[in-house]
Novice: 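The structure follows.
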Amino acid sequence: MAKNAKPAGAPTIGNAGEVHQTASTPETRLTTNHGTPISDNQNSLKAGPRGSTLLEDFILREKIQHFDHERIPERIVHARGSAAHGFFELTDSLSDFTTAKILTEVGKKTELFTRFSTVAGGAGSVDTSRDVRGFAVKFYTTEGNWDLVGNNIPVFFIQDAIKFPDLIHSVKMEADKGYPQAASAHDTFWVFIGLMPESMHMVMWAMSDRGIPRSLRMMEGFGVNTFRLINAEGEATLVKFHWRPKLGTQSTCWDEAVKIAGADPDYHRRDLYEAIDQGDFPEWEFGVQLFTQEQADALPFDILDATKLVPEEDYPIRVIGRMVLDRNPDNFFAETEQVAFLPTNIVPGIDFSEDPLLQGRLFSYQDTQLSRLGTVNFHQIPINQAKGCPFQNFQRDGHMQMAVPKGRANYEPNSLFEAGEDGGPREDPKGGFRTAPIPFEGEKVRLRAESFADHYSQARLFFRSQTEIEQAHLASAIVFELSKVSLAHVRERVLANLQNVDETLAKRVADGLNLPLPKASDPGVAPIDLDASPALRIVGKYPDTLKGRKVAILVADGSDGAVVDAVKAAVEGDGGSVFIVAPKIGGAKLKGGKTLAADGQLVGSPSVLFDAIAIVLSDDGCAQLLKEGAAVDFAKDAFGHLKAIGHTPEAQPLLDKAGVEPDAGVIDLSKAPEAFLAPARTRQWDREPKVRMLA
């Protein structure tokens, strides 16, 4: 080696003092997008050290141009999303009802990609706003991609897709102001709702605790629309699709959701990512409700009406499989942002219904992807490609064509194969997709079917099926939303419509606003009283385990490590995880001199981020924290959000200052640390009247 020469791969110093790492092999060197090796990625090409930058610097231009175009138009709705890879496993065959292999081959695991999202907010909005959540699954089946594109609520605001732009315009930021972001508590949304009684059922769901979920892992999912299954004989069966989380359906308190937004805007995204990263893979049961046409016709509503649901008590959900999410995306943009879900992605054996909302979706999703992803070839992006089977046809060219088709066969029918050439793929009359032979009759009209006219019976069903606690939450949510409405006539119209849902609900909302109750609006079709459906509740159905839940242990100098260890062992033994919070990120020196490392600093780790808390303090440690507002809020918020609070006797002064009163959820850890587990598995609903006024 020559004198003063540097070995390959050794760092060198640039003119401006930058440190460069010299690549030793072609596999590790930096290049342009077209493969040209780059010698200097720190300095642009100039006319002298202090001269103008030269236009010929193609490396600079390529780098800057790519950066300038890194962002594609965000989704009009569902812009704020989080996603994961996983698999679907069929456990019960539906071969009597469909030829779809994904629903007939028991034991087969099918790769999939699932994206969860809020609806109203932009890509940079917070995770915990009150909103509907998208629940979209792309199955990479052996017969092509099947996209089941639904929500965490089984019904929708509107019956006909022609009203979708109006709905979204109303709930988005007001056109003149540009706010509020990711919120329905404003004039234009409730103006629309007041004039669209068909929305009242969905309003009940959105204003319920389901509108503020605890975690993406703790949401139900629904296909929303009615579909058909087609069997080998060509017989059709109507079907509704359901996802049920193994961790149970869980929610937050409204005040808690608001504070989480300030403490961690990425709360749901972080929770999903960390759970998968730690091997705690989220799982859902997949189920179906099946109906013959005759059974559907006998229902007291139209099954094609997307503002209606079929009670599980009448038609139980048949669990046929499971979904497990076991891998985080490698790159958020390439996968989570560029994934394109299309209700038109369907496989042989599954078909659409005449649901007018679904029919509009079949056009809309394809159209919006052309705008967002900029090319008819978006299906060639890796996350969108069919993986379980080849995809081949005669579609050619177009912007960003990434395939290299061979031969001259770009049309069919052709007879090129007779000349020994590749004639290309051919249609498959036997195994290809077939539309169900459903007869049509009648004239072309722009009308709603009379069977769609009952707008209140199911809204009443939902409200009256809730527990008293959930009813109070729902009423309080509407009070909050309408308190943000500045137009008196809009509040009056909504109150008039609510009387058709439930008179006591309307009265509670009116009292919460301190307004007189107006005369009920004309319902068009008088609502009927349907049997209550306990399946629509959340409260009282939390799993009897801490699995999927996180417990914070607050410590300070002098804390008893034995108590910390006992709580940690009990929580982890019950399936939960533990997060150590200390006044300083370096941790705390325990009794005996050992330092316990902290997972988070007290000021940056408020109790709103956890499902339960344990406060393990010494007398001196408690005295110090009495001067810290974050410590007082840590206990105060946990109590106000109905969470279990375990504590050592020495922490009592902090609890007193925070207004924590004794109840079944406040546990003295010095007596029995394991007694903390039962209240930590749920919320202390009996405490709520002590901490807030509800409608």
Side-chain angles (χ1 to χ4, degrees), residues 77 119-121 129-132 153 155-160 162-208 211 254 258 305 307 448 452-460 462-464 471-527 693-695:
V77 289
V119 173
S129 55
R130 181 179 292 280
D131 200 354
V132 183
I153 291 174
V155 294
F156 203 61
F157 287 102
I158 52 174
Q159 296 172 328
D160 193 303
I162 200 170
K163 297 307 299 174
F164 190 72
D166 301 305
L167 166 67
I168 299 306
H169 286 168
S170 77
V171 76
K172 283 281 192 176
M173 297 178 291
E174 297 197 358
D176 57 340
K177 301 180 180 69
Y179 66 84
Q181 170 73 276
S184 55
H186 58 99
D187 285 351
T188 56
F189 175 72
W190 287 96
V191 167
F192 181 84
I193 293 301
L195 295 170
M196 296 291 291
E198 68 197 63
S199 298
M200 291 309 298
H201 188 197
M202 181 70 162
V203 165
M204 295 295 105
W205 283 80
M207 295 300 111
S208 77
W254 170 239
V258 172
D305 179 355
T307 68
R448 297 282 176 94
F452 281 41
D454 180 358
H455 301 318
Y456 294 106
S457 294
Q458 288 219 343
R460 176 180 293 187
F462 181 82
F463 179 74
R464 294 183 177 179
Q471 288 180 349
H473 292 171
L474 195 160
S476 299
I478 299 176
V479 169
F480 172 83
E481 297 266 325
L482 293 182
S483 73
K484 298 293 185 179
V485 171
S486 65
L487 303 174
H489 76 277
V490 174
R491 293 193 295 264
E492 183 174 338
R493 180 174 289 128
V494 173
L495 287 170
N497 289 347
L498 284 175
Q499 290 210 63
N500 293 316
V501 177
D502 185 272
E503 290 183 6
T504 61
L505 170 62
K507 181 66 165 59
R508 292 167 77 165
V509 173
D511 289 347
L513 296 167
N514 198 23
L515 294 174
L517 191 61
K519 180 182 177 182
S521 62
D522 180 3
V525 172
M693 295 176 60
L694 294 172

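Residues: numbered from 1 along the sequence shown. Quick caveat: nothing in here was measured; it's all calculated off a predicted structure. These numbers come from the heavy atoms of this one structure, side chains and all, not from hydrogens, waters or symmetry mates.
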Novice: Quick one: list whatever passes side-chain contact (heavy atoms from CB on, under 4.5 Å) with A453, sequence neighbours left out.
Specialist: V525

Novice: Do L498 and M204 have side-chain heavy atoms sitting under 4.5 Å apart?
Specialist: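 They are in side-chain contact.
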
Novice: If you compare all heavy atoms of V509 against all heavy atoms of L482, which two are closest, and at what distance to 0.1 Å?
Specialist: CG1-CD1, 4.0 Å

Novice: Please name the pair of heavy atoms, one in T307 and one in Q458, separated by the smallest distance, quoted to 0.1 Å.
Specialist: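 Looks like O-OE1, 4.1 Å.
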
Novice: What pairs with V155 under side-chain contact (heavy atoms from CB on, under 4.5 Å), at least two apart in sequence or on another chain?
Specialist: I153, H201, M202, W205, L309

Novice: Side chain of S476, backbone of A695: donor and acceptor closer than 3.5 Å?
Specialist: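 Answer holds: yes.
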
Novice: Once you round to the nearest 0.5 Å, how far does OG of S483 lie from CG of N514?
Specialist: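 It comes to 12.5 Å.
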
Novice: Scan the side chains in residues 179-186 for donor-acceptor partners under 3.5 Å anywhere in the protein, sequence neighbours excluded, and list what turns up.
Specialist:
from : atom 1 : to   : atom 2 : distance (Å)
Q181 : OE1    : G122 : N      : 3.1
S184 : OG     : E481 : OE1    : 2.8
S184 : OG     : E481 : OE2    : 3.3
H186 : ND1    : E174 : OE2    : 3.0
H186 : ND1    : T188 : OG1    : 3.1
H186 : NE2    : V171 : O      : 3.2
H186 : NE2    : A183 : O      : 3.1

Novice: Rounded to the nearest 0.5 Å, what separation is found between the CG atom of L474 and the CE atom of M207?
Specialist: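 If we round to the nearest 0.5 Å, L474:CG and M207:CE are 8.0 Å apart.
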
Novice: When you check the gap from the basic side-chain N to the acidic O, do K163 and D160 get nearer than 4.0 Å?
Specialist: no

Novice: List for me each residue that meets side-chain contact (heavy atoms from CB on, under 4.5 Å) alongside P523, sequence neighbours excluded, and say none if there are none.
Specialist: Y456, N500, P527

Novice: Can you see which heavy atom on A510 is nearest to which on L517, and at what distance?
Specialist: CB-CD1, 3.9 Å

Novice: Grab the two heavy atoms, one from G121 and one from D131, that are nearest each other, plus how far apart they are.
Specialist: N-OD2, 4.2 Å

Novice: Work out which heavy atom in Q499 is nearest to a heavy atom in A506; give both atom names and the distance.
Specialist: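 Residues Q499 and A506, closest heavy atoms: CG-CB, 3.5 Å.
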
Novice: Report all side-chain donor-acceptor pairs from residues 192-200 shorter than 3.5 Å, counting only partners two or more places apart or in another chain.
Specialist:
from : atom 1 : to   : atom 2 : distance (Å)
E198 : OE1    : R448 : NH1    : 2.9
E198 : OE2    : Q159 : N      : 2.8
E198 : OE2    : R448 : NH1    : 3.4
S199 : OG     : F157 : O      : 2.8
S199 : OG     : M196 : O      : 3.4

Novice: Might you point out which heavy atoms bring F463 and Q471 nearest each other, and give the distance in Å?
Specialist: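 That would be O-NE2, 2.9 Å.
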
Novice: How many angstroms lie between CG in D166 and CD1 in I158, if you round to the nearest 0.5 Å?
Specialist: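 One gets 8.0 Å once the value is rounded to the nearest 0.5 Å.
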
Novice: Without placing hydrogens or testing angles, list every side-chain donor-acceptor pair under 3.5 Å for residues 485-495, not counting sequence neighbours.
Specialist:
from : atom 1 : to   : atom 2 : distance (Å)
S486 : OG     : D187 : OD1    : 3.3
S486 : OG     : D187 : OD2    : 2.5
R491 : NH1    : V485 : O      : 2.5

Novice: Are any non-hydrogen side-chain atoms of H473 and L694 less than 4.5 angstrom apart?
Specialist: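 The answer is yes; the side chains approach within 4.5 Å.
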
